[in-house]
Amino acid sequence: MLDKVIPRIFLISVFIFAITVAIICGNLWDNDIYFLIASGRDILTNGFSTTDPLTMHNDLNYITQQWLACVIDASIYDAVGKPGILITYGLLWALAAFLLFKVVYKFSDARYTLSCCIMALFLLIFIPFIKCNPRIFDVIVLIITIYACYKVHETKNNKYLLIPIIAQVFLVNLHSTMWPVTLFAPLVFIFAEGNTPKQRLIYLLCALLCVVSALINPYGLTAITYIFISLTSASLSQIGITELSNLSFDNGYIFIAAIVIPIFYAVVRTKFTRHCLPLEILSAVTLMMTFSSARNFVLFLPIMTLCLVFPVSQIKFKPLNQRLLNISKGFCAGLFIFILILCCSTITTIGDENITDEDLSRHNAVETLKENGLKPGDSVFNGFNDGGYLEMQGFKPYIDERAELFTIEINGKKDYAREWIAIRNCESPLSEVLNLYHFDAILVSKAQSMYDTESQIVHSGFVIVYKDDFYIGAIKA
């Protein structure tokens, strides 16, 4: 009994620790949640639209690629506030961890302790990606579809292939940008050892049906082609979003993990014969995707974890003697108590909207602008990371975190992304844009300030009403 209780306590402790660290570091409350809530409110009020309703720009072509997630987020936030969002996404990450553990346990030939240790390592590496973000649905669908295809390979029961097809309907409505995720498992399991030509054809048919089921969404074919059109934009790669950039040292230890884990797997793979060719192919594909865009690490790590289970499960460990077993029990008990204390202390601040000094500064700046006459519906010049926050409060920002919306390839009108990049890089004066559009207010982060920002604001007919170490707020004179 203790052989399962001790690893279980250890794994639960590590999961609680990961969630707690995500809350403390402000990771869980992702900045994107603001425009997701604003989009959800608009859909609930006005229905679906093929033009953007949130910014100051008119008739920009746009579809809400996470419409169902937006509606869920808005409904929860308006009902119970920020704690409801954090708890909901905490439970979703718990579900993803549980599903991944079950698959790891299956692939390891039911080695419980080994499965717990592998999962604990996965969770610790994965902490930066534990966010209130629709990417959680990508992870859940990815795990489910891999397991379904593995079951087909193992049992020859093709009914399991209904799972990816059904999962696609959910994913395309929750996060349509990542709809191709459901194709990964069926396509790579075509190359599984022992497949007959007929079985390969069935996997291919499953992938094709996943494409067809992706059409079951309010935007039809546009939701499917959206991701490919956005990838053609040159401005999107220049806007400076870390997770959209090529993987490099700027991405911290994620870059190191993406190098070290495959090397470790290659070493282990040479010593043990057990492996899964489809997962090896998929891990190689998602590794290349990760180096082209750091956000794809969220797909690579679960796949690499499952891939690693096969050879590692052949390692034979000696059973612990009674003394080491008692030490393990004491360590797990102490860790569990420490994590619970840390978690309880964090929960006391879970409802605080302003986690960091910078968030508090932005809140104060916007409140000051309101006191000086800024009303819902007014237009605001702002930096890239502040648009969603303004939208959630009913204002019309110049730009927001939906980077692809502001490229001409998507909106069909003007390359606002390039215009903003030119201002940020001091290639164009801020005053030029302030005079071009009829802004009612300005909210500028000093981290994204342009050369001689304050002087240009004043000379463009605005009055600075708020200034601190983080933000400048100005109202039209």
Side-chain angles (χ1 to χ4, degrees), residues 28-92 131-137 170-177 217-219 222-223 226 350-355 359 362-363 365-367 369-370 374-406 410-411 416 439-441 443:
L28 189 57
W29 186 255
D30 188 52
N31 201 52
D32 287 356
I33 197 68
Y34 295 118
F35 79 76
L36 293 173
I37 292 171
S39 297
R41 286 173 175 169
D42 183 76
I43 291 172
L44 288 169
T45 303
N46 303 312
F48 298 106
S49 173
T50 54
T51 57
D52 174 59
L54 300 179
T55 64
M56 59 173 283
H57 309 293
N58 295 321
D59 299 325
L60 297 186
N61 297 330
Y62 182 72
I63 63 168
T64 307
Q65 52 194 301
Q66 319 93 336
W67 78 265
L68 185 54
C70 292
V71 168
I72 294 170
D73 290 340
S75 300
I76 293 172
Y77 186 84
D78 290 339
V80 291
K82 181 176 180 178
I85 294 289
L86 293 176
I87 291 170
T88 299
Y89 278 90
L91 291 174
L92 286 170
K131 298 175 180 288
C132 296
N133 190 290
R135 281 178 299 189
I136 177 58
F137 303 113
F170 287 96
L171 184 59
V172 77
N173 289 285
L174 288 164
H175 195 198
S176 65
T177 300
N217 71 83
Y219 305 104
T222 306
Y226 190 90
I350 200 170
D352 186 5
E353 288 285 349
N354 309 295
I355 298 172
D359 290 333
R362 178 171 63 183
H363 170 78
V366 173
E367 290 302 309
L369 291 174
K370 289 180 184 178
L374 186 64
K375 305 179 298 297
D378 286 350
S379 60
V380 183
F381 176 82
N382 59 285
F384 178 77
N385 291 321
D386 303 312
Y389 184 79
L390 292 167
E391 287 165 350
M392 199 177 80
Q393 300 194 50
F395 305 116
K396 300 285 187 179
Y398 168 70
I399 197 168
D400 65 26
E401 294 85 345
R402 299 169 295 168
E404 72 284 350
L405 166 62
F406 303 97
I410 289 293
N411 67 47
Y416 294 102
F439 293 109
D440 298 298
L443 178 69

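Every value quoted in this text rests on a predicted model; they were computed, and no experiment measured them.
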Q: Give the intermediate values and the outcome of side-chain contact (heavy atoms from CB on, under 4.5 Å) for residues Gln393 and Glu367.
A: CA-CA 11 Å; Gln393 300 194 50; Glu367 290 302 309; 4.1 Å; yes

Q: Go through the steps for His57 and Tyr398 under the test side-chain contact (heavy atoms from CB on, under 4.5 Å), then give the verdict.
A: CA-CA 7 Å; His57 309 293; Tyr398 168 70; 3.8 Å; yes

Q: Measure the shortest side-chain to side-chain distance between Arg402 and Tyr62 over non-hydrogen atoms and say whether it is less than 4.5 angstrom.
A: yes

Q) Within a strict 4.5 Å, meaning less than it, do heavy atoms of the Leu174 and Ile72 side chains meet? A) yes

Q | Gap separating the CD1 atom of Ile410 from the CG atom of Leu60, nearest 0.5 angstrom | A | 11.5 Å

Q | Non-hydrogen atoms of Asp400 and Gly388 that approach each other most closely | A | CB-N, 3.8 Å

(Q) Using side-chain heavy atoms (C-beta onward) and a distance below 4.5 Å, is Asp359 in contact with Trp29? (A) no

Q: Report yes if the side chains of Leu36 and Cys132 come closer than 4.5 Å at any heavy-atom pair, otherwise no.
A: no

**Q.** Heavy-atom check, side chain of Phe48 versus side chain of Tyr219, under 4.5 Å
**A.** yes

Q. Got a second to check how far His175's NE2 is from Cys70's SG, nearest 0.5 Å?
A. 9.5 Å

Q) Closest approach of Asp386 and Arg362, non-hydrogen atoms and distance? A) OD1-NH1, 3.0 Å

Q. Checking Asn382 side chain against Ile399 main chain: does a donor-acceptor pair fall under 3.5 Å?
A. yes

Q | Rounded distance (nearest 0.5 Å) linking atom CD1 of Ile37 with atom CZ of Arg41 | A | 6.5 Å

Q.
If I take atom CG from residue Leu86 and atom OH from residue Tyr77, how far apart are they, to the nearest 0.5 angstrom?
A. 10.5 Å

Q.
For Tyr34 and Tyr389, take the angle between the two ring planes, folded into 0 to 90°, and tell me which bin it lands in: parallel under 30, tilted 30 to 60, perpendicular over 60.
A. perpendicular

Q.
How close do Asp378 and Leu374 get, counting heavy atoms only, and between which atoms?
A. CB-CD1, 3.4 Å

Q) Considering only heavy atoms from C-beta outward, does the side chain of Phe406 approach that of Thr55 to under 4.5 Å? A) yes

Q | For Glu391 against Phe35, the heavy-atom pair lying closest together | A | OE1-CB, 3.4 Å

Q. Between Leu44 and Ser75, what is the shortest heavy-atom contact and its length?
A. CD1-OG, 3.8 Å

Q. Under the salt bridge (Lys or Arg N to Asp or Glu O under 4.0 Å) criterion, do Asp32 and Lys131 qualify, and how do the steps go?
A. CA-CA 10 Å; Asp32 287 356; Lys131 298 175 180 288; over 6 Å; no

**Q.** Separation between OG1 of Thr64 and CD1 of Ile43, rounded to the nearest 0.5 Å
**A.** 4.0 Å

Q: For the pair Leu443 and Phe395, evaluate side-chain contact (heavy atoms from CB on, under 4.5 Å) and give the outcome as yes or no after the intermediate values.
A: CA-CA 12 Å; Leu443 178 69; Phe395 305 116; over 6 Å; no

Q) Taking side chain as C-beta onward, heavy atoms only, is Pro218 less than 4.5 Å from Trp67? A) yes

Q) How many angstroms lie between CG in Asp73 and CD in Gln66, if you round to the nearest 0.5 Å? A) 9.5 Å

Q: Could you check if a side-chain atom of Tyr416 sits within less than 4.5 angstrom of a side-chain atom of Asn411, using non-hydrogen atoms only?
A: yes

